[in-house]
Amino acid sequence: MASVISSSSALPTRSLDSFPTHSERANKLTSLSWVSSFPSTNISINSFTLPPAPSLNKGSFVQAAWTRRSRGEAAKQPNRKSWKQRTDMYMRPFLLNVFFSKKFIHAKVMHRGTSKVISVATTNAKDLRNTLPSLTDHNACRIIGKLIAERSKDADVYAMSYDPRKGERIEGKLGIVLDTIKENGIIFV
């Protein structure tokens, strides 16, 4: 395997057999050239092997990325959200939250994407607590609806949504709050 660099160049010719071996370099510790800092490696063409050809098992198949998932595949990933769950936050960004306790009524409008509170109204606030005869009656519900509508308009929010909880009916005090908000110019989507 003696190879010679072409004689037309000005570089000195040298055969591969004339390079020092690892043991010769180890004995010669006084060499400070950058070539001596590299470890010696022996590479032969016969040491490379090709990877085995892929074989298709009897049960394996190729599925395109755009195909619909079967029910079995959907059952394997139960935590994956549906299309509506993933896009609802952008289609209806402002959400109304109403809470009724035995002592007061609390309502707020939140932005779903950023969880920022847009407007808040409660009968437990100082100005309403001292002026209203009752903090939980139908008149208090109308005042809370009117305040939420006014404060939402001040924040340039003219449309919002309300998602009832499981088994919750939109009637009674909740119906009064929602109807008052609609009467004051807010659209429910």
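Here, residue 1 is the first one in the sequence, and each next residue gets the next number.
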Task: All side chain to side chain contact (heavy atoms under 4.5 Å, CB included) counterparts of E171, not counting sequence neighbours - done: R169

Task: For Y90, side chain to side chain contact (heavy atoms under 4.5 Å, CB included) partners two or more places apart - done: none

Task: Stepwise side chain to side chain contact (heavy atoms under 4.5 Å, CB included) check, V109 with V117 - done: CA-CA 6 Å; V109 178; V117 177; over 6 Å; no

- [ ] State the CG-CD1 distance between L96 and I118, to the nearest 0.5 angstrom.
- [x] 12.5 Å

Open item on the list: Just to verify, what does D156 make a salt bridge (charged side-chain N to carboxylate O under 4.0 Å, His left out) with, not counting sequence neighbours?
Closed with: none

Task: Pairwise distance CD1(I105) to NZ(K173) - rounded to 0.5 angstrom - done: 6.0 Å

TODO: Kindly indicate whether the side chain of L95, heavy atoms from C-beta on, has any atom under 4.5 Å from the side chain of Y162.
DONE: no

Open item on the list: Set out, in order, the CA-CA distance, both residues' side-chain angles and the distance that settles side chain to side chain contact (heavy atoms under 4.5 Å, CB included) for V177 and F100, then state yes or no.
Closed with: CA-CA 11 Å; V177 172; F100 297 95; 4.2 Å; yes

TODO: Can you run down the side chain to side chain donor-acceptor pair (under 3.5 Å) pairs that involve residues 143-152, sequence neighbours left out, and say none if there aren't any?
DONE: S119-S152

Task: side chain to side chain contact (heavy atoms under 4.5 Å, CB included) between K116 and F94, intermediate numbers included - done: CA-CA 10 Å; K116 183 179 177 183; F94 298 104; over 6 Å; no

- [ ] Go through the structure and list residues passing side chain to side chain contact (heavy atoms under 4.5 Å, CB included) with A107, not counting sequence neighbours.
- [x] V98, I144, I148

Open item on the list: Going by side chain to side chain donor-acceptor pair (under 3.5 Å), name the residues that satisfy it together with T122, two or more places apart in sequence or in a different chain.
Closed with: none

- [ ] Working to the nearest 0.5 Å, report the span between NZ of K166 and CD of E168.
- [x] 13.5 Å

TODO: Mind checking side chain to side chain donor-acceptor pair (under 3.5 Å) for H111 and listing every partner two or more places apart, or none if nothing turns up?
DONE: T114

Identify every side-chain donor-acceptor pair in residues 131-138 under 3.5 Å, counting partners at least two apart or on other chains, and give the distances.
| from | atom 1 | to | atom 2 | distance (Å) |
| --- | --- | --- | --- | --- |
| T131 | OG1 | D127 | O | 2.9 |
| T131 | OG1 | L128 | O | 3.4 |
| S134 | OG | T136 | N | 3.4 |
| D137 | OD1 | A140 | N | 3.1 |

Task: Rounded distance (nearest 0.5 Å) linking atom CG of N97 with atom CE of M110 - done: 8.0 Å

Task: Single-linkage hydrophobic cluster, 4.5 Å side-chain cutoff, L174 and M160 together - done: yes

Residues 181-189, side-chain donor-acceptor partners within the protein, below 3.5 Å, at least two apart:
| from | atom 1 | to | atom 2 | distance (Å) |
| --- | --- | --- | --- | --- |
| N184 | ND2 | T180 | O | 2.7 |

Open item on the list: Once salt bridge (charged side-chain N to carboxylate O under 4.0 Å, His left out) is applied, do any residues pair with D88, and if so which ones, sequence neighbours excluded?
Closed with: R92, R112

Open item on the list: Under the criterion side chain to side chain contact (heavy atoms under 4.5 Å, CB included), I'd like the reasoning laid out for Q85 against W83: C-alpha separation, chi angles, the key distance, then a yes or no.
Closed with: CA-CA 5 Å; Q85 288 172 330; W83 175 258; over 6 Å; no

Task: For R86, all residues meeting salt bridge (charged side-chain N to carboxylate O under 4.0 Å, His left out), sequence neighbours excluded - done: none

Open item on the list: Quick check: do N124 and H106 have side-chain heavy atoms less than 4.5 Å from each other?
Closed with: no

